[in-house]
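Chain letters run A, B, ... following the sequence lines, proteins first and then strands; every chain starts at 1.
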Amino acid sequence: MAAQVQAVPAAEGGGAPPQANGVVAAGSAAAAAATFQATSLYVGDLDVSVQDAQLFDVFSQVGSVVSVRVCRDVNTRLSLGYAYVNFSSPADAARALEMLNFTPINGKPIRIMYSNRDPSSRKSGAANIFIKNLDKSIDNKALYDTFSVFGNILSCKVATEMSGESKGYGFVQFELEEAAQNAISKLNGMLLNDKKVYVGPFVRKQERENVSGNPKFNNVYVKNLSESTTEDNLKEIFGKFGPITSVVVMREGDGKSRCFGFVNFENPDDAARAVEDLNGKKFDDKEWYVCRAQKKSEREMELKEKFEKNIKEAADKNQGTNLYLKNLDDSIDDDEKLKEIFADFGTITSCKVMRDLNGVSKGSGFVAFKSAEDASRALVAMNGKMIGSKPLYVALAQRKEERRARLQAQFSQMRPMVMPPSVAPRMPMYPPGVPGVGQQLFYGQPPPAFVNPQLG
DNA sequence: GATGAGCGG
C-alpha cells in the first residue's frame, strides 16, 4: 500500500488539500480504454531478465491472459525492456493495469500503459509534467494517486537510483493537456509530505538550455587556433566585446600551442556576444570553434559519454564476427593450432584457447573473423564436426550484456516473484517442485557471468 | 538540485 500523501498550501502549512472536488477528472480510465486498444497493455521498465512465461504467470493472477510477448532485439534476442500483454476482455486489462502497475518483477517496478501503436502523442510531449523536490517517501504509486485527481494518467514515474531510492523528482504524463495545466496550477508550490514541490510542464533538457534563464557564463572556450596564435592575439580579438579578466592559450610542456584556449569576460553578456559573433569565423585560415567553456566535470561527463558510445558502436560493428568454441580436443592446445582449423573460412582477426592457471586448456576458446559472413559459414561448417576425438561445439559468442541477461533469466525463473499483497496469496509456490533439484542452489548470488577475454 | 521512455505479431 502506498503511503498517503497530503497536499497542503506552502504558505499557511495547513488548510484544505487541492481536492478532488472542484477538479474535473478530465478523461477517466474508461475513456482511455475506449481511446486505446482496450485489451492490450504495454508493459515497460522491465528488467532484461524478465521473460514471457514469468509475465504470463504474474498477469494471469488478475485476469484472463490471451498472449504475452517480451519484445527482443532481432539479432541478439536481448530484451528491449518492454512487453505486450493481451487480455480476453477490457475489464480484465483494466483490472491488471490497476492492480499490477508498479509491481516489482525481479526487483524492478514495471510500468503499465494501454498499448498505443501511434507514437505521435508520445513524441509531442504534450500533457507531460515534471515534479521536483519530492519527498523520498513518495513512490510511483503515491505520485500516481496524488496526481490522478486531475485527470487520467497515461504514465507516471519517480526517478530512482539503481537501489530503488527516489531521486526526488518524477514525471506524470496525462492524457489531456487540460489535466496537466490543472495539476500545475493546483499543486505547484504546495507542500507534499512537508516538502514544497515544483510542478511544471516537462521541458526536454536540450530545449531548456536554449531558452532565457539558461545559466549565464563568463568563460569562453575557443579551439582550432593556429599554432602561432598568442594570448595577445586573443585579447585583441575578444577584447572588442568587453573587458576581459584573463586569457590563456593551452600549451604542451615545451611551450607548443595545443591550439585551444579560454577567454574569461567580466560581463556575461559580452561573453555571449563574443560566442555569437566569433564562432565559425576564420583566422589564419583556421575556422574557430567558440562556445561557452564547460566546467571540468561537464567536460569529463561528455568525454565519458562519447567513449561509451564508441565502445558500443565498435561492438555493433563486430556483431556476429566472434565465435565461441567448446568441447575442444586436447590436441588443440595453442592459439596457432586453433587458427589453422578455421583459416579456410576467411580472415581471422583474433584467436584464443582458454587456459587455467597452470596453462592447461579448458577446452574452450574464441575465433573472431573480419566479416560476420565468414564467421557464419565457419559456424555452420564446424559446429559438431569431429576434431581429434571430439565433436566441436561452435556458437556465436555472446556479448557481456547478452550473456549476463541470459544467466539472469535462468536464475530468475528459480526465485519467487515479488507481488503486491492483494495478489500474493494466489501465487503458485516457487521454485516449482522439481525432484532432485536442490533449491538452495539457486538462492543467493547467481553464478558470475563469464567474461569474454577478447571483447572485454 | 534534479527535466524519462516509449509500442509487436
Could you pull out the closest heavy-atom pair between V50(A) and R72(A), with the gap in Å?
-> O-NH2, 3.8 Å

Establish, yes or no, whether a centroid distance under 6.0 Å links the rings of Y82(A) and Y42(A).
-> yes

Are the charged groups of K281(A) and D277(A) less than 4.0 angstrom apart, N to O?
-> yes

Where each residue is assigned the nucleotide of DNA chain B containing its nearest heavy atom, which of R117(A) and G168(A) is assigned the position nearer the 5′ end?
-> G168(A)

Under 4.0 Å between any heavy atoms, over every strand shown, what does D45(A) touch: base, sugar-phosphate, or nothing? Just pick one.
-> nothing

Could you check K136(A) against V172(A) and say which one's nearest nucleotide on DNA chain B is further toward the 5' end?
-> K136(A)

Its 5'-most and 3'-most nucleotides having an atom under 4.0 Å from a non-hydrogen atom of chain A, DNA chain B is contacted over dA2(B) to dG9(B)

Can you list every salt bridge (Lys or Arg N to Asp or Glu O under 4.0 Å) pair that touches residues 110-126 of chain A, not counting sequence neighbours?
-> D45(A)-R111(A)

Would you indicate what N128(A) reaches in the nucleic acid, counting non-hydrogen atoms under 4.0 angstrom: base, sugar-phosphate, or nothing?
-> base

Using a heavy-atom cut-off of under 4.0 Å over every strand shown, decide if F202(A) touches base, sugar-phosphate, or nothing.
-> base

Output yes when E161(A) and K136(A) qualify as a salt bridge under the 4.0 Å nitrogen-oxygen rule, no when they do not.
-> no

Scanning both residues in full, the closest heavy-atom pair of G125(A) with N128(A) reads O-CB, 3.3 Å

